[in-house]
Every structure is written in structure tokens, then in C-alpha cells.
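The structure under discussion appears below in the form of C-alpha cells.
Just so you know, these numbers use all the heavy atoms, side chains as well, and skip hydrogens, waters and symmetry mates.
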There are 2 protein chains.
Amino acid sequence: MIDFTPKKLPKQARSRASFDAIIEASAQLLSGGTYEALTTNHIAQRAGVSIGTLYEFFSNKETIIAILAERRMQALVTVMQNALIPASSMRPWEGVAHILESAVATMVAERDVYHALLRQIPFVRQLPAVRASRAAMTDFTQMIRVRSADVLNLPAPEMDAWLISQMLSNAILEIAFRNTDAATRAVLTRELARLTYRMAVGRDPEAG
Amino acid sequence: MIDFTPKKLPKQARSRASFDAIIEASAQLLSGGTYEALTTNHIAQRAGVSIGTLYEFFSNKETIIAILAERRMQALVTVMQNALIPASSMRPWEGVAHILESAVATMVAERDVYHALLRQIPFVRQLPAVRASRAAMTDFTQMIRVRSADVLNLPAPEMDAWLISQMLSNAILEIAFRNTDAATRAVLTRELARLTYRMAVGRDPEAG
DNA sequence: GAGTATTCCGAGTAATTGCTTGGATTACAA
DNA sequence: TTGTAATCCAAGCAATTACTCGGAATACTC
């Protein structure tokens with residue numbers, strides 16, 4: 001729909017630093033304020049750059065936070081992909097738990113930023129990287145199914161995959177944004193993995 | 001946090017009509033536009049009322065849509081509660097399916113309004129009625145558990161209840177906002193009920 | 001070192017928009 | 001009927017804010 005690519009890409013080291021500073025300044029401001037209160041002049045100021053420079057590279061405000069969102073969501077996918085390696089040698093539901101835990105941890109480290117992006121800015125949900133992260137979620141749940149011997153088949157596999165990935169991605173947000181201690185979050189995340197196993201496989205992972 | 005009660009309540013029939021017109025005009029404008037494009041002057045115009053009258057009863061723009069949101073979410077809870085009666089004489093997972101179906105149907109009938117409220121306006125999530133609707137969701141999933149004979153116990157019942165209700169409420173939004181035909185939506189909703197049964201009980205409803 | 005491209009600057013503009021205000025109308029009560 | 005409260009009106013204010021523009025400063029190239 002909308003084009004969220006930069007107006008112009010920085011070509012020298014100096015402007016590359018400015019470009020980055022602008023994006024990270026936005027993150028800083030989002031974490032500690034609302035999206036509503038975020039203004040381009042503030043961003044420029046925080047980035048130590050003039051407003052003119054800002055508009056040299058970004059054609060509008062949305063582009064800035066779109067790029068920020070892409071960065072963070074890409075980071076999230078990478079974290080999950082890296083967690084996939086150790087996960088594959090665990091028991092299926094604990095592997096998923098491990099993947100979910102790393103995702104949650106990544107978001108918790110920048111809770112307010114992720115919260116602002118995913119819960120306060122409508123168009124972020126439509127960005128490619130966000131969709132990609134959801135697709136990754138589908139892959140990971142597939143892992144449970146293929147690695148579990150006797151899977152009770154569901155009548156509509158694609159629909160179930162879609163439903164489960166939607167529920168999972170939403171649930172990890174709820175856990176990450178929730179206001180509790182790390183221990184509770186950990187238990188919640190493991191329980192989530194267990195519930196996911198129940199959904200995908202049709203029985204409890206600890207059941208005979 | 002913020003006080004979203006009307007500035008003044010209408011006392012005569014005439015103003016009661018204006019009050020209502022303002023709220024429903026907001027709904028009309030939300031359905032067919034974005035929240036961003038919603039202005040108080042537009043609302044007044046659509047309601048056939050002057051901007052002065054609008055501010056006679058509502059102290060600010062947020063209050064208007066907060067009241068609209070409360071109305072719609074209350075309607076949703078009512079629909080679900082009414083669906084509870086026939087549901088109680090069905091097999092557990094089909095009872096839940098029935099409840100979810102009525103919830104989805106209610107939202108689909110005003111898709112854009114619910115979408116705008118719940119996905120474009122950050123503060124709506126914090127309104128009492130929205131929280132209440134989530135609480136209702138918890139109750140309904142409890143229904144499955146208590147009516148299913150041999151339930152595999154989960155280690156942390158409250159956490160699981162919370163997780164399941166979060167996932168359910170998010171999932172019905174995803175289904176309702178999804179761009180498909182009614183038949184697909186119906187299948188998705190039933191599948192969701194089935195997955196919920198799997199989560200809550202620990203086995204498939206159709207399994208021996 | 002001249003010439004060109006890139007980067008930076010920040011005062012100012014244009015447009016939007018939530019909301020006020022002072023007064024006109026209408027309903028109700030005694 | 002008369003006084004009071006409720007309701008309605010819309011021009012316009014005040015504040016915000018995304019973005020432009022003309023030009024200065026800095027970096028690259030030959």
C-alpha cells in the first residue's frame with residue numbers, strides 16, 4: 001500500500017550515523033512516552049540532528065518508525081532462528097518453550113518500544129517483517145507436530161496452523177507486556193509451550 | 001487513570017437524542033475511515049448537531065469513543081451470555097463453538113467499528129468493558145473443564161486460565177477481522193473451539 | 001585546489017483541529 | 001405568564017506539528 005522506504009539513502013559515514021541516530025532516537029522516545037507524543041522535531045533533537053537533516057532521508061514520520069519496526073522485528077526473528085538450533089535437540093515442547101522464552105526475553109529487554117510499535121501504531125501490523133515473524137511462528141509450531149510420533153490429525157491443517165500461530169504470537173506479546181517478575185514470565189512461557197503442544201498434538205506432553 | 005465519564009448527562013428527550021446521535025455518528029465515521037481521520041467537527045456534523053452541543057456533553061473526544069466502546073463491548077458480552085443458555089445443553093466443545101460463533105457474528109456485523117476500536121485506539125484496551133469481556137471469556141473456558149470428566153490437571157490453573165482467555169479473545173478478533181467468506185469464518189471458529197478444548201482438557205473432543 | 005555532490009541547518013509556514021465562548025432558543029415549573 | 005434551567009449554535013481562537021526552503025558547511029573527486 002504505502003511506500004515506507006527511505007527518501008534517500010545515506011552515502012557517507014557522517015550521514016549514515018545521522019540516519020541511525022534518528023531511528024534509535026525514535027526508539028528511545030517511544031520507550032518512555034507514547035506514540036501520540038512523538039514528534040519529528042523531538043526525534044531530530046534527541047538524535048542531535050536538525051529537522052532539515054531528518055527530512056533529507058525520511059520522507060515522512062511514518063517511514064522512520066516503519067524502519068525502526070522492521071529492524072526490531074527482524075531482530076526478533078533472528079533470535080528465534082538462533083534458538084532453533086539448541087531447541088532441535090530438546091524434547092519437542094521444551095524446544096518450543098526455549099524458542100518462546102528467547103522471543104519473550106528479547107521483547108522484555110525493550111518492552112516499551114515493542115509495546116508502542118505493536119500496540120499503539122496501527123500500520124505496524126501490516127509491515128512485512130511483522131508478517132514474517134508470524135510466519136516464523138507457524139514454522140516453529142510445525143516442529144512440534146513433525147517431531148511428535150502419533151499426531152491426532154485435525155480436519156483442517158492449514159486453518160489450525162494459522163490459528164495456532166495467531167494465538168502464539170499474540171500470547172507472547174501478552175506475556176512480554178504483562179507487568180510481572182521474570183520468574184512468573186518464565187512459568188507463563190513454559191505453560192504456553194505446553195498448551196501449544198496440547199493444541200498441536202492433541203495430548204499433554206507429560207501424559208503417557 | 002483517565003476519567004471517561006460524560007461531562008454532563010442529558011436530562012431532556014431532545015438532548016438525549018443528541019447524545020445518542022453523537023455516539024452513533026462516531027461509529028458510522030469509524031466504519032469507513034480511520035480513527036486518525038476522525039475529528040470532533042466531523043462527528044458533530046454527521047450527528048446533525050453543532051460542535052458546541054457536542055462539547056456540552058462530552059469533555060473531550062476520547063470520552064465519546066470510550067462510551068461508544070463501552071456500548072459495543074457490553075453488547076458483545078450480552079450476546080455471549082445469551083448464547084450460554086443453549087450452549088449448556090450441547091457437548092462442551094460445541095457449546096463453546098456456539099458461544100464463539102455468536103461473538104464473531106456480532107463483531108462481523110460491525111467489523112470496521114470493532115476493528116477501529118480494538119486495533120487502532122490504544123486506550124480502548126484498558127476500558128472496563130473490554131477487560132470484562134476478557135473475564136467472560138475465562139468463565140466460558142472454565143465451562144469446558146468442569147463439564148469434562150477426566151481432565152488432565154495442569155500445574156498452574158490460574159495461569160493457564162489467563163493464557164487461554166488471552167488467546168481466545170485475540171483469536172476471535174483475528175477471525176472476525178479476517179477477510180474471508182462466512183463459511184470459512186464458521187469453520188475457523190469451530191476449529192478454534194476444538195483447539196480450545198484440546199488446551200483445556202488435554203485431548204481431542206472427538207478422540208475416544 | 002577547483003568543482004561537484006552530499007550533508008546539514010533551523011527559522012518559518014501552512015494546515016489541521018480540539019475546544020471555548022457568548023449568546024440565542026427551547027423546554028419546564030410555579 | 002414569567003423566571004429559570006437546559007439545550008443548541010457556530011464563528012473563531014490557540015496551540016500543535018509535519019514539513020519546506022534557501023543556503024551554509026563539509027566531504028569526495030579529478
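For B:Arg119, the side chain to side chain contact (heavy atoms under 4.5 Å, CB included) partners two or more places apart in sequence, or in a different chain, are A:Arg125, B:His115, B:Leu173, B:Glu174, B:Phe177. In this view, B:Ala83 and B:His98, B:Ile99, B:Ser102 satisfy the side chain to side chain contact (heavy atoms under 4.5 Å, CB included) rule, not counting sequence neighbours. For A:Asn60, the side chain to side chain contact (heavy atoms under 4.5 Å, CB included) partners at least two apart in sequence or on another chain are A:Glu62, A:Thr63. Shown here are the side chain to side chain contact (heavy atoms under 4.5 Å, CB included) partners of B:Pro10, two or more places apart in sequence or in another chain: B:Ser15, B:Arg16, B:Phe19, B:Phe57.
Within 4.0 Å of B:Phe57, counting heavy atoms only, lie sugar-phosphate atoms of the nucleic acid but no base atom. Counting any heavy atom pair closer than 4.0 Å across all strands shown, B:Thr53 reaches a base atom.
Less than 4.0 Å separates DNA chain D from at least one heavy atom of each of the following residues of residues 16-40 of chain A: A:Leu38, A:Thr39, A:Thr40. Residues from residues 63-72 of chain B that place a heavy atom under 4.0 Å from any atom of DNA chain D: there are none. The stretch residues 45-52 of chain B touches DNA chain D through B:Val49, B:Ser50, B:Ile51, B:Gly52, each having a heavy atom under 4.0 angstrom from the strand.
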In residues 157-164 of chain A, what donor-acceptor pairs under 3.5 Å come from side-chain atoms, sequence neighbours left out?
none

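With a heavy-atom cut-off of 4.0 Å to chain B, the contacted part of DNA chain D has its first and last nucleotide at D:dA6 to D:dA11.
Between the side chain of A:Thr138 and the backbone N or O of A:Arg134 there is at least one donor-acceptor pair closer than 3.5 Å. In this structure, the side chain of A:Thr184 does not engage the main chain of A:Thr180 through any donor-acceptor pair within 3.5 Å. Side chain of B:Arg185 to main chain of B:Ala176: no donor-acceptor pair is present (N/O by atom type, distance under 3.5 Å, no hydrogens or angles). Panel note: side chain B:Lys7, backbone B:Tyr55; a donor-acceptor pair is recorded below 3.5 Å. The backbone N or O of B:Arg178 sits less than 3.5 Å from a side-chain atom of B:Arg111, completing a donor-acceptor pair. Looking only at distances, no side-chain donor or acceptor of B:Thr53 sits under 3.5 Å from a matching main-chain atom of B:Val49.
Among residue pairs with one or both ends in residues 21-35 of chain A, those qualifying as side chain to side chain donor-acceptor pair (under 3.5 Å) are A:Glu24-A:Arg71, A:Glu24-A:Arg72, A:Gln28-A:Arg46; sequence neighbours excluded. A side chain to side chain donor-acceptor pair (under 3.5 Å) check over residues 77-88 of chain A, counting only residues at least two apart or in different chains, returns the pairs A:Gln74-A:Thr78.
Atom pair B:Tyr55:OH and C:dC19:C1' shows a separation of 5 Å (rounding to whole Å applied).
Looking at every heavy atom in both residues, A:Ile22 comes nearest to A:Leu54 through CD1-CA, 3.8 Å.
Both B:Asn41 and B:Ser15 sit near DNA chain D, but only B:Ser15 has its closest nucleotide nearer the 5' end.
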* Along nucleotides 23-30 of chain C, 5' to 3', which nucleotides get a B, which get an S, and which get a -, given that the test is a protein heavy-atom distance under 4.0 Å? -> ---SS---
* Starting from the C-alpha separation in whole Å, work towards a yes-or-no answer on side chain to side chain contact (heavy atoms under 4.5 Å, CB included) for B:Ile51 and B:Gln45. => CA-CA 8 Å; B:Ile51 183 67; B:Gln45 186 181 1; over 6 Å; no
